[in-house]
**Student:** 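Just dropping this structure here.
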Amino acid sequence: MRVSNSDIDRIYVNIATRTKEYKFNMPDNHFHQYYELYYCKSSTCSYFVNNRILELHSGDFLLVPPREMHYTKYNSATPCTRINIYFKYSDLVDNTFFTNEDFKKYFTTIEVFHVPNAYQNKINEHLQNMLAEDKIDDNYSAVNLRLYLKQLFFLCMRFCKFNQSTPAIINTLDEQILTALRYISDNYAETLSLESVASISGLSYTYFSKKFKLTTGMRFKEYLNIVRLKHAATELATTNISITEIAINCGFNDSNYFTDVFKKIYGLSPRKYRKNSYSEISS
């Protein structure tokens, strides 16, 4: 089985070079049922995750949890080379890691962690070994890739530093967009329109619409739906509240529209998503 939106049968590693002209052959906003460890080997990129856009540069890692909506955006004229590692938590964790507080940090926060220049060659060499093992793809690859992944995390714990200066939300230099994003985050359950949020930001709705799309890579309605759906997914997975009530709680006045939008983004109906979440908890 190869990497898909459903599941993986072992760790997978791939490398690609992207430019700002690159066109996705998948939905820009997507998620996986497994972890994605993203490494920016060269140049820069913008990574949308957890309702934020994080700027990654050469030597930066980002660990994206399962079912976290995300996408990458390439704006630099210099091609960006990235390496992705897809894995399950069970591929990595054993008694060595269970009590290690440094290791736990990687799974309790979504933040960029950086490899200092002095150690990037060592990390790059290790990642090349993982890429080579992924291509071999024989009966020993699954076990060997687990060993490589564990060693990679040991190297990261030894050398990497979390980027504490990572912007908390999208484009911290643009106060007008920041105002809008904070307002959406605080009031997602209310009736919000492009015009009302533009007014809060002190901009005309036409200029705000263009600026919002340029800054976030999404139209206003798309972003608002993603924020609302993330809260809805959490409620589906952690409560017994009815789906109609969850829709209303998260700002959707029409439960049928909520179901359609949820299925488009998550690939599952709200009912199926809840059922799968309960199955994972009980397993």
Side-chain angles (χ1 to χ4, degrees), residues 2-8 18 22-36 38 45-54 62-74 84 86 88 110 169-170 177 180-181 183-194 197 209 212-281:
R2 289 294 162 185
V3 176
S4 72
N5 286 333
S6 55
D7 204 357
I8 49 175
R18 308 299 193 203
Y22 170 71
K23 302 299 183 184
F24 288 96
N25 60 5
M26 67 177 74
D28 287 352
N29 306 305
H30 66 284
F31 73 100
H32 309 296
Q33 300 289 353
Y34 38 83
Y35 283 92
E36 175 182 321
Y38 184 100
C45 73
S46 299
Y47 204 110
F48 175 87
V49 64
N50 195 29
N51 296 326
R52 300 182 294 167
I53 285 185
L54 306 176
L62 183 65
L63 179 60
V64 182
R67 296 179 295 279
E68 189 73 53
M69 203 68 62
H70 62 276
Y71 75 85
T72 45
K73 187 177 180 182
Y74 302 93
N84 280 357
Y86 304 99
K88 296 179 181 179
I110 303 178
I169 47 182
I170 299 171
I177 297 298
L181 296 173
Y183 189 79
I184 292 170
S185 179
D186 292 340
N187 299 278
Y188 67 90
E190 306 299 325
T191 300
L192 298 180
S193 66
L194 175 65
V197 178
S209 178
F212 192 93
K213 176 68 162 62
L214 182 65
T215 304
T216 68
M218 287 177 283
R219 295 186 297 274
F220 168 78
K221 188 66 174 180
E222 288 179 284
Y223 181 84
L224 177 59
N225 278 345
I226 285 176
V227 172
R228 287 171 167 171
L229 289 171
K230 182 179 178 182
H231 287 280
T234 299
E235 289 199 35
L236 286 166
T238 59
T239 75
N240 292 317
I241 299 172
S242 72
I243 291 173
T244 298
E245 190 174 351
I246 288 174
I248 294 171
N249 289 347
C250 295
F252 294 96
N253 295 325
D254 185 334
S255 60
N256 290 329
Y257 174 71
F258 165 68
T259 298
D260 290 342
V261 175
F262 191 96
K263 189 171 183 179
K264 180 178 179 181
I265 296 297
Y266 284 88
L268 299 169
S269 68
R271 192 176 304 279
K272 182 69 173 176
Y273 182 91
R274 166 173 275 174
K275 182 179 179 181
N276 286 0
S277 298
Y278 285 169
S279 296
E280 288 180 12
I281 292 172

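This chain uses plain numbering: 1 for the first residue, then up along the sequence.
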**Student:** Looking only at heavy atoms, what is the nearest atom pair of Lys88 and Tyr34, with distance?
**Tutor:**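 Residues Lys88 and Tyr34, closest heavy atoms: CG-CB, 4.5 Å.
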**Student:** A side-chain contact here means heavy atoms from C-beta on lying under 4.5 Å apart; do Glu235 and Cys250 qualify?
**Tutor:** yes
**Student:** Which heavy atom of Leu192 sits nearest to which heavy atom of Ile184, and what is that distance?
**Tutor:**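 Closest approach of Leu192 to Ile184: CD1-CA, 4.2 Å.
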**Student:** Rounded at 0.5 Å granularity, tell me how far CG in Leu229 sits from CD1 in Ile246.
**Tutor:** 11.5 Å
**Student:** Are Lys213 and Glu222 ion-paired here, with the side-chain N under 4.0 Å from a carboxylate O?
**Tutor:**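 So Lys213 does not pair with Glu222 through a salt bridge.
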**Student:** Contact between Leu54 and Ser46 at the side-chain level, heavy atoms closer than 4.5 Å - yes or no?
**Tutor:**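 SC-SC contact between Leu54 and Ser46 ruled out.
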**Student:** Which heavy atom of Ala247 sits nearest to which heavy atom of Ser255, and what is that distance?
**Tutor:** CB-CA, 4.3 Å
**Student:** Do you know which two heavy atoms are closest between Arg274 and Ile243, and how far apart they sit?
**Tutor:** NH1-CG1, 4.4 Å
**Student:** Give me the ring orientation class for Phe252 and Phe258: parallel if the planes are under 30° apart, tilted from 30 to 60°, perpendicular past 60°.
**Tutor:**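 Tilted: the ring planes of Phe252 and Phe258 meet at 30° to 60°.
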**Student:** Can you confirm whether the side chains of Asn225 and Tyr223 place a donor and an acceptor under 3.5 Å from each other?
**Tutor:** no
**Student:** Roughly how far, to the nearest 0.5 Å, is CZ of Arg52 from OG of Ser185?
**Tutor:**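 If I round to the nearest 0.5 Å, the distance is 11.5 Å.
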**Student:** Hey, could you give me the CD/CG distance between Glu36 and Asn84, rounded to the nearest 0.5 Å?
**Tutor:**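 Result: 4.5 Å between the selected atoms.
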**Student:** side-chain contact (heavy atoms from CB on, under 4.5 Å) for Phe212 and Arg219? Distances and angles first, verdict last.
**Tutor:** CA-CA 7 Å; Phe212 192 93; Arg219 295 186 297 274; over 6 Å; no
**Student:** Give the C-alpha distance, both sets of side-chain angles, the deciding distance and a yes or no for side-chain contact (heavy atoms from CB on, under 4.5 Å) between Arg67 and Gln33.
**Tutor:** CA-CA 6 Å; Arg67 296 179 295 279; Gln33 300 289 353; 3.3 Å; yes
**Student:** Walk me through it: do Lys73 and Tyr71 pass the test side-chain contact (heavy atoms from CB on, under 4.5 Å)?
**Tutor:** CA-CA 7 Å; Lys73 187 177 180 182; Tyr71 75 85; 4.1 Å; yes
**Student:** So, taking the atom named CG in Asn256 and the one named CG in Asn253, what distance separates them when rounded to the nearest 0.5 Å?
**Tutor:**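 Answer rounded to 0.5 Å: 12.5 Å.
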**Student:** For Lys272, enumerate each residue passing the side-chain contact (heavy atoms from CB on, under 4.5 Å) test, keeping only those at least two apart in sequence or located in another chain.
**Tutor:** Leu268, Ser269, Asn276
**Student:** Could you go step by step and tell me if Tyr188 and Ile226 meet the side-chain contact (heavy atoms from CB on, under 4.5 Å) rule?
**Tutor:** CA-CA 10 Å; Tyr188 67 90; Ile226 285 176; over 6 Å; no
**Student:** Do the ring centers of Phe31 and Tyr266 come within less than 6.0 Å of each other?
**Tutor:** yes
**Student:** Kindly give the heavy-atom pair with the smallest separation between Leu194 and Phe220, and that separation in Å.
**Tutor:** N-CE2, 3.4 Å
**Student:** Drop me the distance from Leu214's CG to Ser209's OG, to the nearest 0.5 angstrom.
**Tutor:**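 Here the rounded value is 11.0 Å.
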**Student:** Report the distance from atom OG1 of Thr259 to atom CG of Asp254, rounding to the nearest 0.5 Å.
**Tutor:** 8.5 Å
**Student:** Check the angle between the aromatic planes of His70 and Tyr47 and answer parallel, tilted or perpendicular using the 30° and 60° thresholds.
**Tutor:**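 Because their plane-to-plane angle is under 30°, the rings of His70 and Tyr47 count as parallel.
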**Student:** Which heavy-atom pair separates Tyr74 from Tyr38 by the least distance, and what is that distance?
**Tutor:**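 Residues Tyr74 and Tyr38, closest heavy atoms: OH-OH, 3.0 Å.
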